[in-house]
Amino acid sequence: MDFETLVTYYERISSTKKRLEILDIFSQLFSYIRDNPDKTDEGDLEKIIYLTQGTLYAEISEQPKLGLAEKTLKDLLSSYYAVNSSTVDSIMKKTGDLGETAAKLAGSKKKQGQITAFMGIQKETLYIKDIYDRLTEIANISGTKSLDKKFDKLRWLLARSSPLSVKYLMRIINSSLRVGVSDATIMDGLAVAFLDDKNYRTLIEKAYNIYPDLGYIGKKIHKEGLNGLKSVQIQIGVPIRMMLASRLDYTQILDKIGGECVSEYKLDGERLQIHKSGENVGLFSRRLKNISEQYPDVQYVIANNISADKVILEGEAVAMDVMFETMLPFQVLTTRRRKYDIQEFVKKIPVCLFLFDLLYLEKNGEKIPVMNKSMLERRKYLEEITTESKELRVVMQKPIHTTDELVEFFNEARAKNCEGIMNKSVDPIESIYKAGNRGFLWIKLKSLEAGKMKDSIDVVPIGAYMGKGKRSNRYGAFLVAVFNEENEKYEFLTRVATGFSDDDLEEFWNMLQPTLSESRPTNVVCNTEKPDVWFNPSAVIEIVGDELTISNKADAGKFYNGQVREKGYSVRFPVFQRLRSDKNIIDCTKVDELVDFYQLQPSSEDLI
DNA sequence: AATGACTGCCC
DNA sequence: ATTCTGC
DNA sequence: GCAGAATGGGCAGTCATT
């Protein structure tokens, strides 16, 4: 199948938002493959699935990534189409899409003609496998001058692609097709085209959840039909899509979860899925990356303290002080996500693994299908096979029957510097491990929304980036600042981009026009960001966040008490709340208030 | 050898 | 990670 | 409520540039 044909499907899908129409068109693509083996190459289905996901391989694959994204692709476009980078930028700002930008440049006939004539290239048909193979080659290039080499191969593709193909080529390389098709629709499409019934999506999803590779699943369905699907089994070493939690206001949790639940601290570390087979231990991240090498200490403790032949466990790896007395913040743990000096960091930043679930168990030759057992049953098995130590614990649980108890436990968790609590259904039938599912069997509580436990900060917009995709022609992200009374300047704190409704964004676009500034205003300090527009400070908005962080990027708080510091303060998970038109800019949060806020955050002591 | 821009992946 | 929106 | 697509801070690693 040629790439141009595929792109035509994408283009048709782009023209609608209706889910059923999208599925209809997308399943036609699969049906075409089903009905035209003569016109399609072996492997087309699999490749189309990956390309549609904006990637070359499944997430569980350990193949190299392209290593190219927006900034680099913009460079490529300006070099290939022989225009200034400012030209590329201005088209980007207008279209809000790298693909559209590339297509516009490719469609400018004059330049296209010049370039192809100069290079002596004939237009030729590019097949999906050609594109895919080229991209794979690009992904495998590394080392000195690798970027030049990658660009060479990309130029080869650009020279042979229509503007429309260029559009989707760029989007694929930039990891997002942005047409309204993602995993769920791909599975629906497979069900409709190859199994003749959308209801089979449930079965497909079941297979995908335990073998998270839609290319593989698609191929399997294509070749072997329903039987192929049913042959997919849990395998030690193949990660299972993780069960996720919903979020609710604390007042609604007990109702939603069935009147009672069991709650756990929500620890601020890295989620690990652990596969043990004998002495072999594999570790997988939330996005199913094999990160076994990251935590040799966890591998060791699992190998020696879990009494089961084969087992799949889940837990949270949390950084600990060397005495294993206090839990350290996530920011500390992230320094352990490394390729080099691992042993050194194992000693420097030890980790405790807090287990909280069990997905597979094989003991004394007996296979126990634990995923379909209730949460409390799984928990019982987990406790049975685990020998606890300072590096390995089973996370503490507390039965909760009333909202008062829930709030009390939440406050206890926060006092111990946890993110909040996880509330888990105790339903004897329903509370299975629902792989890949963000349902209401697990409900997280990170703040008492109505009880305003969250930090709320009043900040001043000082700049913005143009939005992309559905935010094109508006600001997509704002730079916001707090006021420093010592130097009387507005100092950059964080970007904010979430929490704005479409109406908010329109309002802000209009409201801020009169405040636009050619360059960074003199009363604004912002050393790291290069926004598309600057604003003269004029408005106050309220934002919230999970916590303040110490930041290399932010300027807020670098000048305090007459001292100059290396780092400023920023915000973890910033969210826009509302415009404070009742406030003057001078009433925004001050740097010294920020410092106070930071010091009020629960200390790292007495955590366990 | 140091630095900075960029990317990918944790949250 | 959080959030908004169309279906 | 699902599904998809906007967008956050900040870490290590890679590569180009200085």
Side-chain angles (χ1 to χ4, degrees), chain A residues 16-23 54 59 64-75 96 141-150 174-188 244 246-247 266-272 285-289 291 294 316-317 329-342 345 419 437-440 444 446 465 467-472 474-480 493-505 528 530 543-554 567 569-577:
Chain A
T16 179
K17 282 181 176 173
K18 296 193 171 66
R19 301 306 317 164
L20 294 175
E21 275 180 34
I22 288 175
L23 173 59
E59 290 209 274
K65 286 288 196 303
L66 281 159
L68 301 167
E70 189 176 298
K71 297 278 169 61
T72 315
L73 291 172
K74 271 163 55 174
D75 284 350
I141 298 170
S142 66
T144 310
K145 297 206 172 160
S146 58
L147 200 53
D148 285 346
K149 294 176 197 161
K150 289 183 181 191
N174 202 20
S175 305
S176 166
L177 213 54
R178 276 203 35 224
V179 296
V181 174
S182 193
D183 288 7
T185 311
I186 294 175
M187 288 188 275
D188 277 342
L244 305 174
S246 300
R247 262 182 95 166
K266 188 174 188 302
L267 306 166
D268 198 7
E270 179 169 16
R271 186 157 174 190
L272 294 183
S285 71
R286 213 208 86 169
R287 282 176 58 184
L288 313 180
K289 295 283 163 203
I291 52 168
Q294 221 70 76
E316 188 90 357
F330 176 71
Q331 253 178 299
V332 174
L333 182 72
T334 57
T335 62
R336 281 208 47 179
R337 311 196 67 260
R338 57 176 46 250
K339 186 172 168 185
Y340 306 107
D341 308 322
I342 289 180
F345 273 76
E419 283 190 279
N437 185 284
R438 189 187 293 277
F440 289 90
K444 62 183 154 187
K446 291 179 62 165
Y465 289 95
K468 304 198 182 73
K470 62 188 177 187
R471 291 206 176 163
S472 50
R474 296 177 210 131
Y475 300 127
F478 295 89
L479 309 190
V480 297
L493 176 71
T494 180
R495 300 189 197 186
V496 206
T498 187
F500 298 96
S501 68
D502 289 355
D503 287 348
D504 290 332
L505 289 173
T528 52
K530 293 189 173 63
I543 66 169
V544 292
D546 268 20
E547 60 181 350
L548 295 179
T549 57
I550 299 294
S551 166
N552 281 317
K553 256 184 70 184
K567 300 182 178 192
Y569 294 90
S570 194
V571 180
R572 190 183 190 192
F573 309 138
V575 176
F576 167 77
Q577 294 295 110

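Throughout, protein chains are lettered first and strands after them, A, B, ... in sequence-line order, and every chain is numbered starting at 1. Basis for what follows: all heavy atoms, side chains included, without hydrogens, waters or symmetry-related copies.
- Atom CZ of A/Phe478 is separated from atom P of D/dA6 by 16 Å (rounded to the nearest Å).
- Once rounded to the nearest 0.5 Å, the distance linking CZ of A/Arg247 with NZ of A/Lys446 reads 5.5 Å.
- In this structure, CZ of A/Arg247 is placed 10 Å from P of C/dA1, rounded to the nearest angstrom.
- The shortest side-chain heavy-atom distance between A/Lys470 and A/Asp502 does not fall under the 4.5 Å cut-off.
- Position along DNA chain B of the nearest nucleotide to A/Lys266 versus A/Lys530 favours A/Lys530 as the more 5'-ward residue.
- The distance from atom CZ of A/Arg474 to atom P of D/dA5 is 17 Å, rounded to the nearest whole Å.
- Applying the side-chain contact (heavy atoms from CB on, under 4.5 Å) rule to A/Lys149 yields the partners A/Ile141; only residues at least two apart in sequence or on another chain are considered.
- The one candidate from A/Lys65, A/Arg287, A/Lys289 that meets the salt bridge (charged side-chain N to carboxylate O under 4.0 Å, His left out) condition with A/Glu59 is A/Arg287.
- Within the 4.5 Å cutoff, no side-chain heavy atoms of A/Pro574 are placed close to those of A/Arg495.
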Any N/O pairs under 3.5 Å between the protein and nucleotides 5-7 of chain C? List them or say none.
unit_1	atom_1	unit_2	atom_2	d
C/dT5	OP1	A/Asp502	N	2.9

Which pairs of donor and acceptor atoms, one on a side chain in residues 67-75 of chain A, lie under 3.5 Å apart (sequence neighbours left out)?
unit_1	atom_1	unit_2	atom_2	d
A/Lys74	NZ	A/Asp89	OD1	2.8

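- Place A/Asp188 and A/Gly467 on DNA chain D by their nearest nucleotides, and A/Asp188 ends up nearer the 5' end.
- No engagement by A/Ser175 is indicated, since no non-hydrogen atom pair under 4.0 Å with the nucleic acid exists.
- Protein chain A contacts DNA chain B from B/dC6 to B/dC11, reading 5' to 3' and using non-hydrogen atoms of the protein with a distance under 4.0 Å.
- What separates CD1 of A/Ile543 from P of D/dT7 is a distance of 18 Å, to the nearest Å.
- Mapping A/Ser146 and A/Asp183 onto DNA chain D via the closest heavy atom, the residue that lands nearer the 5' end is A/Asp183.
- In this structure, OG1 in A/Thr549 is found 5.5 Å from CD in A/Gln331, a value given to the nearest 0.5 Å.
- For an aromatic pair to be called close, the ring centres must be under 6.0 Å apart, and A/Phe478 with A/Phe500 satisfies this.
- Distance check, rounded to the nearest 0.5 Å: CZ of A/Arg336 to CD of A/Glu270 gives 10.0 Å.
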Between the protein and nucleotides 8-10 of chain D, which nitrogen or oxygen pairs come in under 3.5 angstrom?
unit_1	atom_1	unit_2	atom_2	d
D/dG8	OP1	A/Arg495	NH1	2.9
D/dG8	O3'	A/Arg495	O	3.4
D/dG9	OP1	A/Thr494	OG1	3.1
D/dG9	OP1	A/Arg495	N	3.0
D/dG9	O3'	A/Thr549	OG1	3.2
D/dG10	OP1	A/Thr549	OG1	2.3
D/dG10	OP1	A/Ile550	O	3.3
D/dG10	OP2	A/Ser551	OG	2.7

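- Residue contacts shown for A/Tyr340 are limited to sugar-phosphate atoms, with no base heavy atom under 4.0 Å away.
- Nucleotides D/dA3 and B/dC11 have their C1' atoms positioned 22 Å apart, rounded to a whole Å.
- Using a 4.0 Å heavy-atom criterion, one finds that A/Val480 contacts no nucleic acid atom at all.
- Here the C1' atom of nucleotide D/dG13 and the CG atom of A/Asp341 are 12 Å apart, to the nearest Å.
- Annotation for A/Arg438 and A/Ser246: closest pair O-OG, 3.7 Å, computed over non-hydrogen atoms.
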*Could you please spell out the steps behind the side-chain hydrogen bond (donor to acceptor under 3.5 Å, both in side chains) verdict for A/Arg572 and A/Thr494?*
CA-CA 9 Å; A/Arg572 190 183 190 192; A/Thr494 180; over 6 Å; no
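- D/dT7 atom P lies 20 Å from atom CD of A/Gln577, rounded to whole Å.
- B/dC6 and C/dT3 have their P atoms separated by 29 Å, given to the nearest Å.
- At a threshold of 4.0 angstrom between heavy atoms, the contacts of A/Ile342 with the nucleic acid are absent.
- Across all strands, A/Lys150 comes closer than 4.0 Å to no nucleic acid atom at all (heavy-atom distances).
- Among the nucleotides D/dG4, D/dG13, C/dT3, the one closest to any side-chain atom of A/Lys339 is D/dG13.
- Put simply, CG on A/Asp546 is 15 Å from C1' on D/dT7, counting in whole angstrom units.
- With rounding to whole Å, A/Leu177 atom CG is found 8 Å from D/dA5 atom P.
- By the salt bridge (charged side-chain N to carboxylate O under 4.0 Å, His left out) test, A/Glu316 pairs with no residue at all, sequence neighbours left out.
- Rounding to the nearest 0.5 angstrom, the gap separating the CD1 atom in A/Ile291 from the CZ atom in A/Arg286 is 12.5 Å.
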